[in-house]
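What follows is a single structure, written as structure tokens, with notes after it.
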There are 2 protein chains.
Amino acid sequence: MQDKPVTQNDVGVAFSRHDHAHCADATLARAEAAALTRGARLTPVRRRALEILLEEHRALGAYEVLDRLAADGFGKQPPVAYRALEFLVENGLAHRVRRLNAFTACMHPGETHMPVFLICRVCHAVAEASATPVRAALDRAAAELGFTVERTNVEALGLCPACHDLACTGVST
Amino acid sequence: MQDKPVTQNDVGVAFSRHDHAHCADATLARAEAAALTRGARLTPVRRRALEILLEEHRALGAYEVLDRLAADGFGKQPPVAYRALEFLVENGLAHRVRRLNAFTACMHPGETHMPVFLICRVCHAVAEASATPVRAALDRAAAELGFTVERTNVEALGLCPACHDLACTGVST
DNA sequence: CTTGACCTGTTATGTCATAACATAGACAAG
DNA sequence: CTTGTCTATGTTATGACATAACAGGTCAAG
């Protein structure tokens, strides 16, 4: 369980150049392990949906996932995609990005965590950032008001390193 | 500009008993001042939309706002509400709560701030919590990855103090 | 082989959001 | 006063996202 052959820091992979085929495979493997541990059944549709999400470091709309599933011979009605995605989210294998009405694969399934998303408004890459300090600050703010936090969405829109650099250098046109 | 007759702490009002008529009036007045400062035109529909949002400390769907606007003699097609709400959001007089696909009045318009929402899943009250530390933590996490944060959504779902107490005491039924 | 739990698929519908176009007042330039 | 432009409001129509309700299929437990 500790032979994770992580190529780089895990957090923020979305923004670094990397061997994505490897990255996706490894994440899928971790997801399978996590599902097994939880006794969650990663059936063909669900697994395929996860693979689809893993193809890119961005968020996909449910209907986008649906089209790909349908192309692979699965059902072609919305609930097919929504159910698979719901399963993935419930089991911590994917996350919902509310700002985009879309879904993205979880990059470190198994570990319980509060996702913090960094969404590039130019290239639409989505990265999961380190959440612990944010969560702590949030808990503290909530506690001041006597509020009990159960679930959170933390999403930031902005520029990823690559697009930021482009914006700075290539303003000429 | 500094004669704010704030009845209580401003942050978290939603969860405290308070003179809401006063709270709403005062917030509306601050919103008007803020709009004036920005040179933003708080026209009748827009103003009415804001009043509607201010009636309760919860988030209202666009169509809910629309119905109320229509009842008051304004247009009854979706864009009427969406445009008014968009204006309010753009000008910092209201916020969008993505988790609920809904909108809520800003409780301290004028002050630039990153909203942090605490949403009670039982009574649906929505409070704006103190955001600064959360924002700082988020900025730090983003900076580690070279990401530039522009806008954020931070939303926590859970139990407000009142509903939490009820859940603890009144489990019998 | 029947039952019950769970998964997949369907039809139909509901909810949220916006594109594109039409009209009306505000106001400065002519 | 009129014309052009800007902004706001309103409309029709459509697009995008999401779920309720039901039908059939698999499979292990009894």
Side-chain angles (χ1 to χ4, degrees), chain A residues 32 35-36 38-53 58-91 93-104 119 124 153 155 157, chain B residues 32 35-36 38-53 58-91 93-104 119 124 153 155 157:
Chain A
E32 283 181 316
L36 206 67
R38 286 180 124 252
R41 296 176 47 189
L42 194 58
T43 60
V45 225
R46 293 168 176 174
R47 192 192 146 99
R48 185 72 194 111
L50 181 54
E51 285 172 10
I52 290 167
L53 292 182
R58 67 179 184 99
L60 273 67
Y63 279 69
E64 205 169 342
V65 172
L66 177 58
D67 287 345
R68 319 275 242 93
L69 288 175
D72 291 348
F74 295 102
K76 52 185 175 185
Q77 306 305 324
V80 170
Y82 279 100
R83 280 198 288 239
L85 291 167
E86 185 189 16
F87 170 89
L88 296 174
V89 170
E90 292 287 290
N91 289 278
L93 308 181
H95 298 293
R96 187 168 197 153
V97 182
R98 308 214 78 116
R99 175 139 214 152
L100 305 174
N101 291 324
F103 299 83
T104 192
I119 308 162
H124 303 114
N153 294 107
E155 304 174 4
L157 192 70
Chain B
E32 283 181 316
L36 206 67
R38 286 179 124 250
R41 296 175 49 190
L42 195 57
T43 60
V45 225
R46 293 167 176 175
R47 193 193 146 98
R48 185 71 195 110
L50 182 53
E51 285 172 11
I52 290 167
L53 293 182
R58 68 179 182 98
L60 273 68
Y63 279 70
E64 205 169 343
V65 172
L66 177 58
D67 287 345
R68 320 274 243 94
L69 288 175
D72 292 349
F74 295 102
K76 53 185 175 184
Q77 306 305 325
V80 170
Y82 279 100
R83 280 198 289 238
L85 292 166
E86 184 189 16
F87 169 88
L88 296 174
V89 170
E90 292 288 288
N91 289 278
L93 308 181
H95 298 292
R96 188 167 196 152
V97 183
R98 308 214 81 114
R99 174 137 215 154
L100 305 173
N101 291 325
F103 299 83
T104 191
I119 308 163
H124 303 114
N153 293 106
E155 304 174 3
L157 192 69

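These figures come from a predicted structure and were not determined experimentally. Sequence lines set the chain letters: A, B, ... in the order given, protein chains first and strands last, and positions in each chain run from 1.
Comparing D/dG10, C/dT8, C/dA17 by their nearest atom to the side chain of A/P44 picks out C/dT8. Nearest to the side chain of B/Y63, among D/dC17, D/dT9, C/dC16, sits C/dC16. The side chain of B/V45 lies closest to D/dT9, out of D/dA8, C/dA17, D/dT9. Closest to the B/R96 side chain, of the nucleotides D/dT11, C/dA17, C/dC7, is C/dA17.
Annotation for B/L42 and B/L93: closest pair CD1-CD1, 4.2 Å, computed over non-hydrogen atoms. Minimum interatomic distance between B/E51 and B/R48 (heavy atoms only, all atoms of both residues): OE1-NH1, 2.7 Å. Heavy-atom minimum distance, A/A59 versus A/V97: CB-CG2, 4.2 Å. Nearest approach of A/T104 to A/R58, heavy atoms of both residues: OG1-O, 3.5 Å. Residue B/V65 comes nearest to B/I52 through the heavy atom pair O-CD1, 4.2 Å, listed as atom of the first residue, atom of the second, then distance.
The shortest distance between the side-chain N/O atoms of A/R41 and the OP1/OP2 oxygens of C/dC6 is not below 4.0 Å.
Across residues 77-88 of chain B, B/Q77, B/P79, B/V80, B/R83 each have a non-hydrogen atom less than 4.0 Å from an atom of DNA chain D (numbered order).
Residue contacts shown for A/F74 are limited to sugar-phosphate atoms, with no base heavy atom under 4.0 Å away.
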Would you give me the side-chain donor-acceptor pairs under 3.5 Å for residues 76-91 of chain B, sequence neighbours excluded?
| residue | atom | partner | partner atom | Å |
| --- | --- | --- | --- | --- |
| B/N91 | OD1 | B/R38 | NH1 | 2.7 |
| B/N91 | ND2 | B/F87 | O | 2.8 |

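One can place CZ of B/R98 at 11 Å from C1' of C/dA17, the figure rounded to the nearest angstrom. What separates CG of B/D72 from P of D/dT9 is a distance of 14 Å, to the nearest Å. When rounded to the nearest whole Å, the span between CG of A/L66 and P of D/dA18 equals 12 Å. Per the geometry, CG belonging to A/L100 stands 11 Å off P belonging to D/dA18, to the nearest Å. As a whole-Å value, the separation of B/F103 CZ from C/dA17 C1' is 9 Å.
At least one donor-acceptor pair closer than 3.5 Å links the side chain of B/E155 to the backbone N or O of B/R98.
Mapping A/N101 and B/T43 onto DNA chain D via the closest heavy atom, the residue that lands nearer the 5' end is B/T43.
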Determine which bases of DNA chain C form Watson-Crick or G-U wobble pairs with both distances under 3.5 Å, and write the result as a 5' to 3' dot-bracket string with | for other-strand partners. ||||||||||||||||||||||||||||||
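Rounded to the nearest 0.5 angstrom, A/L53 CG and A/R68 CZ are separated by 9.5 Å. Atoms CG and CG, from A/L66 and A/L60 in turn, are 11.5 Å apart once rounded to the nearest 0.5 Å.
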